[in-house]
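One structure is given below, encoded as structure tokens.
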Amino acid sequence: MHRFANPARFMRLSEPALPWLATATALLLGVGLVLALFVAPPDYQQGESVRIMFIHVPSAWMAMCAYTSLAAASACALIWRHPLAEIAAEETAPLGATFTGLCLVSGSLWGQPMWGTWWAWDARMTSVLVLFFLYLGYMALSSAFDDPVRGRRAAAILALVGFVNVPIIKFSVDWWNTLHQPASVLRMGGPTIDPSLLWPLLVMGLAFTLLFATLLVVRMRAALIERKIRALEVTQLEAADSRVFG
């Protein structure tokens with residue numbers, strides 16, 4: 001694991017992989033949007049408003065997947081103190097917060113015509129809002145200390161403690177009979193959604209997954225380059241001080 005988590009090896013491997021990832025993401029997003037907007041039929045009850053699902057549901061999936069990745073990277077960073085795991089966790093948090101925000105906004109836009117309200121303190125919606133605050137808390141805590149190492153460790157502990165919210169989100173519709181409808185795709189017994197809507201949704205889900213992977217690789221590469229530049233600047237300053245003061 002340490003061999004593959006080497007920052008220099010990550011930079012070498014990710015450079016040729018990034019164009020392929022970006023191309024696959026663009027193709028799948030294009031195909032998914034065409035299927036969602038022009039091929040999938042309107043729902044017999046929800047009409048055209050069902051098309052919000054093709055953004056809302058993949059965003060919800062990625063909000064939970066990103067937090068799972070954040071918790072896993074934080075665990076690796078705490079146990080092995082590996083810099084690449086720290087960077088992966090730090091760069092995952094803004095992406096996860098963005099997907100969670102998109103999930104909350106699209107859910108509100110979908111809920112108003114369906115339920116007649118923009119928001120309700122429903123178990124699923126409330127637990128997703130808590131997830132959004134966990135992302136914000138992670139980012140705030142990691143930069144709240146004068147010592148960056150202490151900040152990263154405190155944020156990693158918060159990420160691990162907050163992971164308990166992920167299964168709560170997933171099973172909230174089963175544990176509490178509130179406003180949100182039960183799961184219709186990832187459930188025991190198979191999906192209940194019609195195949196004409198299910199396939200575009202799965203394509204969009206895969207496109208969002210690749211989008212997350214692409215953006216994470218870009219952000220991690222940028223963070224590694226920034227750290228390398230800072231290290232070079234410190235080395236140059238130390239060399240200049242050495243020349244001046246002997």
Side-chain angles (χ1 to χ4, degrees), residues 1-14 17-18 21 58-104 124-172 208-234:
M1 177 179 166
H2 286 263
R3 186 167 65 88
F4 290 105
N6 181 282
R9 183 170 285 108
F10 170 79
M11 293 296 281
R12 285 199 304 273
L13 294 175
S14 62
L18 193 53
L21 263 177
S59 299
W61 288 343
M62 291 318 303
M64 290 187 287
C65 287
Y67 199 89
T68 302
S69 301
L70 172 63
S74 297
C76 292
L78 281 175
I79 295 169
W80 290 291
R81 308 286 171 87
H82 201 286
L84 195 61
E86 289 179 352
I87 290 174
E90 286 180 343
E91 301 308 321
T92 295
L95 297 175
T98 303
F99 281 117
T100 309
L102 186 59
C103 170
L104 290 168
R124 169 64 65 84
M125 290 187 279
T126 303
S127 53
V128 172
L129 182 63
V130 169
L131 183 70
F132 184 64
F133 289 141
L134 282 170
Y135 278 121
L136 298 184
Y138 176 93
M139 290 186 284
L141 197 56
S142 64
S143 58
F145 290 79
D146 292 334
D147 182 359
V149 175
R150 290 182 61 199
R152 293 191 194 105
R153 289 179 186 170
I157 293 170
L158 173 66
L160 291 175
V161 173
F163 182 70
V164 71
N165 190 48
V166 173
I168 289 176
I169 294 172
K170 169 66 181 131
F171 296 109
S172 59
F208 270 51
T209 304
L210 287 179
L211 177 63
F212 168 70
T214 303
L215 294 176
L216 180 59
V217 170
V218 170
R219 291 183 61 89
M220 287 179 66
R221 285 179 58 83
L224 283 168
I225 292 170
E226 186 180 346
R227 286 191 178 194
K228 190 173 182 179
I229 291 173
R230 280 206 303 266
L232 286 174
E233 288 175 345
V234 170

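If you read the sequence from its start, that first residue is 1, and numbering goes on from there.
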Kindly determine whether L13 and R9 satisfy side chain to side chain contact (heavy atoms under 4.5 Å, CB included), including the steps that lead there. CA-CA 6 Å; L13 294 175; R9 183 170 285 108; 3.8 Å; yes
Derivation of the side chain to side chain contact (heavy atoms under 4.5 Å, CB included) call for V128 and C103: CA-CA 8 Å; V128 172; C103 170; 4.2 Å; yes
For R227 and E90, run salt bridge (charged side-chain N to carboxylate O under 4.0 Å, His left out): C-alpha distance rounded to whole Å, both residues' side-chain angles, the deciding distance at 0.1 Å, then the answer. CA-CA 13 Å; R227 286 191 178 194; E90 286 180 343; 3.8 Å; yes
Take V218 and E91, measure what side chain to side chain contact (heavy atoms under 4.5 Å, CB included) needs, and give me the verdict at the end. CA-CA 9 Å; V218 170; E91 301 308 321; over 6 Å; no
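Side chains of M220 and S14 form no contact here, defined as non-hydrogen atoms less than 4.5 Å apart. M64 places none of its side-chain heavy atoms less than 4.5 Å from the side chain of T100. Contact annotation: the side chain of F99 approaches that of F208 to within less than 4.5 Å [non-hydrogen atoms, C-beta and beyond].
Taking each heavy atom of A93 and Y138 in turn, the nearest pair found is CB-CD2, 3.5 Å. For the pair S69 and T92, the tightest heavy-atom approach, listed with the atom from each and the gap, is CB-CG2, 4.5 Å. Across P7 and L84, no two heavy atoms sit closer than the pair CA-CD1, 4.4 Å. A71 approaches A159 most closely through the heavy-atom pair CB-O, 4.1 Å. Shown here for L102 and S59, the closest heavy-atom pair between the two residues is CD2-OG, 3.3 Å. The nearest pair of heavy atoms linking L158 to G137 is CD2-C, 3.6 Å.
Note: W61 CH2 to K170 NZ = 10.0 Å, rounded to the nearest 0.5 Å. Taking OG1 of T126 as the start and CD1 of I168 as the end, the distance is 11.5 Å to the nearest 0.5 Å. For the atom pair CG (L136) and CG (L141), the distance works out to 12.5 Å, reported to the nearest 0.5 Å. Put simply, OG on S127 and CG on L134 are 10.5 Å apart, with the number rounded to the nearest 0.5 Å. The distance from atom CZ of F163 to atom CG of L131, rounded to the nearest 0.5 Å, is 10.5 Å. Here the NE2-CD1 distance, from H82 to I87, works out to 9.5 Å after rounding to the nearest 0.5 Å.
Between the R124 side chain and the I169 main chain, a donor and an acceptor come within less than 3.5 Å of each other. Of the possible donor and acceptor atoms, none in the side chain of N165 sits under 3.5 Å from a partner among the backbone N and O of V130. Within the 3.5 Å criterion, the main-chain N or O of A97 finds no donor-acceptor partner in the side chain of Y67. Checked by atom type and distance alone, the side chain of R153 never pairs as donor or acceptor with a backbone atom of L78 at under 3.5 Å. Under the 3.5 Å distance criterion, the side-chain polar atoms of Y135 are left unmatched by any main-chain donor or acceptor of L95.
Under the 3.5 Å distance criterion, with hydrogens and angles disregarded, no donor-acceptor pair is assigned to the side chains of R152 and S142.
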